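Below is one structure; the comments refer to it alone.
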Amino acid sequence: MEPNTLAELLPAGVVVTDPDILAGYRQDRALDPDAGTPLALVRPATTEQVSAVLRWAQEHGVPVVPRGAGTGLSGGATAQNGALLLSTERMREITVDPVTRTAVAQPGLLNAEVKRAVADHGLWYPPDPSSFEICSIGGNAATNAGGLCCVKYGVTTDYVLGMQVVLADGTPVRLGGPRLKDSAGLSLTKLFIGSEGTLGVITELTLRLLPAQPPQSTVVASFSTMTAATEAILAITARLRPSMLEFMDAVAINAVEDELRMGLDREAAGMLVARSDAPGEYAAAECALMVALCEKAGASEVFSTEDPQEGEAFTAARRFAIPAVERKGTLLLEDVGVPLPRLGELVTGIAEIAAKHRVLISVIAHAGDGNTHPLIVHDPDDADESARAHVAFGEIMELAIALGGTITGEHGVGRLKKAWLPDQLGPDVMALTRRVKDALDPHGILNPGAIL
Ligand SMILES: Cc1cc2nc3c(=O)[nH]c(=O)nc-3n(C[C@H](O)[C@H](O)[C@H](O)COP(=O)(O)OP(=O)(O)OC[C@H]3O[C@@H](n4cnc5c(N)ncnc54)[C@H](O)[C@@H]3O)c2cc1C
């Protein structure tokens, strides 16, 4: 197919075929080695241009892979042979309405840019993936991204009131809007959240905002056993709703300490970083209770601080865990979650899988959500180790399913995890998913190979 006929429909520069530029868009952060060679990259600036691209693609039977900032960890934005890569990076407008406490944002803005724009109006957009400085708000909606404060404030879907989305045939539709309550029709806005580019291209989001977050107090606790750490997590979530409850294991602590040199306890088996944004003196009371619960669970060291900068330094350390562990080798990055009471069994089971397959697996977690990120370290040039790492990757998902959990808490299924999706959803739900996909994208041009 000749991309020139598409270029004629769009302003100059929207369609890019330079192979050197295309090379930078072939993969996301999952670094899928099976990424294909795309036909072209398109960088539309408006919904109308996205419509024109999809009309052309449908007419010519050309697949389209939507792409935000390419930080995805499950291969959802991986290039396919002969496909158009549709990047939203030029769609960057935002308006904020302090009266309805909403923002209308185009998908190419980074999450951090949305946060900054609404903060200028004294407002807050809560969802905060660790990648918030490098991922797009459109990608967040398409993956239903979570993050650190989600344990108290919920995930992306809880903040999307409406959207404009371009369907596979190029039709733009508006769903929802700046209304806090709206029961009209099916919940179609929710259908597109987490659809990973398989049902439509999101070109605008109406986001619900909150008043600025109160200053947070922070508790940091070290544990000499994983069992004590998971006991503390369950004790805290049973009594409180912290604004953050994160976990790092010994490997992650040491990898971060190697880089940041901030005095983390290198001897600890695990570390919790918990925060409270309760108003006034209640934050101190919540922190005191969290300290007591950690001590009761057997923490080897606990301290709390009301200094927001000090607390932010520990939060940044936790956010830095993935890049820090990545310096030890290539990562197969898991995202399994379980109901909280099963967290201990998940962590123990992951350690057993690591021992069985002789691979290094570091566990970090949005612990208060029961959402873990086992990081399987391997050397792709060592075929034997790589094979063992991939077997471990699958077994961790099987373990999560056996514990009543999920193969992905926030990163999405993409291409890396789709082989395990039927085991979690079962045949009836898979068939339903296929019927929804076929109804919205009958020619299968949108992100083929992702999820299904
Ligand atoms: C260091 C690091 C830490 C991370 N921490 C977290 C975390 O704490 N929580 C979390 O949830 N994720 C995390 N992630 C994963 C990633 O940042 C999120 O999945 C993010 O939401 C992806 O956004 P993106 O703009 O990079 O999307 P991309 O990677 O470009 O795309 C992701 C998926 O969305 C689709 N898509 C993108 N834009 C659109 C659109 N406008 N319309 C339709 N489909 C679209 C793509 O086709 C693809 O399937 C982390 C990643 C890294 C590298």
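All of these numbers come straight from a predicted model, not from anything done at the bench. In this chain, numbering begins with 1 at the start of the sequence shown. Ligands are counted one by one from 1 in listed order, and the atoms in each one are counted from 1 as well.
If you run side chain to side chain contact (heavy atoms under 4.5 Å, CB included) between Val160 and each of Leu205, Thr206, Val155, Asn144, only Leu205 comes through. Among Glu246, Arg275, Gln216, the single residue meeting the side chain to side chain donor-acceptor pair (under 3.5 Å) criterion with Thr315 is Arg275. Asn140 pairs in a side chain to side chain donor-acceptor pair (under 3.5 Å) with only one of the listed residues (Thr156, Asn111, Thr71), which is Asn111.
You'll find the side chain of Glu89 reaches within 4.5 Å of the side chain of Arg43, heavy atoms only.
Nearest protein heavy-atom neighbour of atom 27 (O) of ligand 1: Gly139 CA, 3.6 Å. With respect to atom 22 (C) of ligand 1, the closest heavy atom belonging to the protein is Thr71 OG1, 3.4 Å. In this structure, the protein non-hydrogen atom closest to atom 32 (C) of ligand 1 is Thr143 CG2, 3.8 Å. Summary of contacts: the protein heavy atom closest to atom 25 (O) of ligand 1 is Ser136 OG, 2.6 Å. Among all non-hydrogen protein atoms, the one lying nearest atom 8 (O) of ligand 1 is Ser130 N, 2.9 Å. Looking at atom 37 (C) of ligand 1, its nearest protein heavy atom turns out to be Gly68 N, 3.4 Å. What sits closest to atom 29 (O) of ligand 1 on the protein, heavy atoms only, is Gly72 N, 2.7 Å. Regarding atom 12 (N) of ligand 1, its nearest protein heavy-atom neighbour is His411 CD2, 3.4 Å.
Taking only nitrogen or oxygen atoms, main chain and side chain alike, Gly70 reaches within less than 3.5 Å of ligand 1. By the 3.5 Å distance cut-off applied to N or O atoms, Asp128 is not counted among the residues near ligand 1. In terms of N/O distances under 3.5 Å, ligand 1 is approached by Ala69. Taking any N or O of Pro66, backbone or side chain, at least one lies under 3.5 Å from an N or O belonging to ligand 1. Between Ala142 and ligand 1, no N or O atom pair is found at a separation short of 3.5 Å.
Between Val62 and Leu84, the shortest heavy-atom contact is CG1-CG, 3.9 Å. Listed here is the closest heavy atom pair of Pro242 and Met290: CB-SD, 4.0 Å. In terms of heavy-atom proximity, Leu39 sits nearest to Pro3 at CD1-CD, 4.1 Å.
Between the side chain of Arg208 and the backbone N or O of Asp158 there is at least one donor-acceptor pair closer than 3.5 Å. The closest donor-acceptor contact from the side chain of Gln164 to the backbone of Thr47 lies at 3.5 Å or more, if one exists at all. Side chain of Lys417 to backbone of Ser74: no donor-acceptor contact under 3.5 angstrom is found. At distances below 3.5 Å, not a single donor-acceptor pair connects side-chain atoms of Glu334 with backbone N or O atoms of Pro374.
Remark: Thr372 OG1 to Asp335 CG distance equals 7.5 Å, nearest 0.5 Å. Atoms CE and CD, on Met91 and Gln49 in that order, are 8.0 Å from each other to the nearest 0.5 Å. How far OG1 of Thr406 is from CG of Leu421: 8.5 Å, rounded to the nearest 0.5 Å.
Of the options Gln106, Glu410, His373, the smallest heavy-atom separation from atom 7 (C) of ligand 1 is shown by Glu410. Closest to atom 40 (C) of ligand 1 by heavy atom, among Leu110, Ile202, Leu446, Leu86, is Ile202. Between the choices Ser74, Ser131, Gly76, Ala141, the shortest heavy-atom distance to atom 50 (C) of ligand 1 belongs to Ser131.
Contacts of Asn140 with ligand 1, taken as heavy-atom pairs under 4.0 Å, involve both backbone and side chain. At a heavy-atom distance under 4.0 Å, atoms from both the backbone and the side chain of Glu196 approach ligand 1.
Shown in contact with Val201 at under 4.0 Å from a heavy atom are these atoms of ligand 1, numbered in order with element: 42 (N), 43 (C). Taking every non-hydrogen atom of Thr88 and a distance limit under 4.0 Å, the qualifying atoms of ligand 1 come out as 41 (N). Interface of Arg67 with ligand 1, defined as ligand atoms under 4.0 Å from a residue heavy atom, comprises 30 (O), 37 (C), 38 (N). Within ligand 1, counting atoms from 1 as listed, the ones closer than 4.0 Å to a heavy atom of Gly197 are 43 (C), 44 (N). Heavy-atom contacts of Pro107 reach the following atoms of ligand 1: 41 (N) (cutoff under 4.0 Å). Each of the atoms 11 (O), 21 (O) of ligand 1 lies under 4.0 Å from some heavy atom of Ala145. Every atom of ligand 1 with a heavy atom of Gly200 under 4.0 Å away is listed here by number and element: 43 (C).
Residue contacts with ligand 1 include Gly146, since one or more of its heavy atoms lies under 4.0 Å from the ligand. Residue contacts with ligand 1 include Asn447, since one or more of its heavy atoms lies under 4.0 Å from the ligand. Ligand 1 is never approached by Gly414 to a heavy-atom distance shorter than 4.0 Å. Within the 4.0 Å heavy-atom cutoff, His366 counts among the residues contacting ligand 1.
Ion pairing of Arg241 with Asp277 is absent here, as no side-chain N (NZ or NE/NH1/NH2) approaches a carboxylate O to less than 4.0 Å.
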query = So Lys190 and Thr157, side-chain hydrogen bond (donor to acceptor under 3.5 Å, both in side chains) or not? Walk me through it.
reply = CA-CA 7 Å; Lys190 298 278 181 201; Thr157 191; 3.2 Å; yes

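Between Tyr159 and Trp124, a ring centre-to-centre spacing not shorter than 6.0 Å is recorded.
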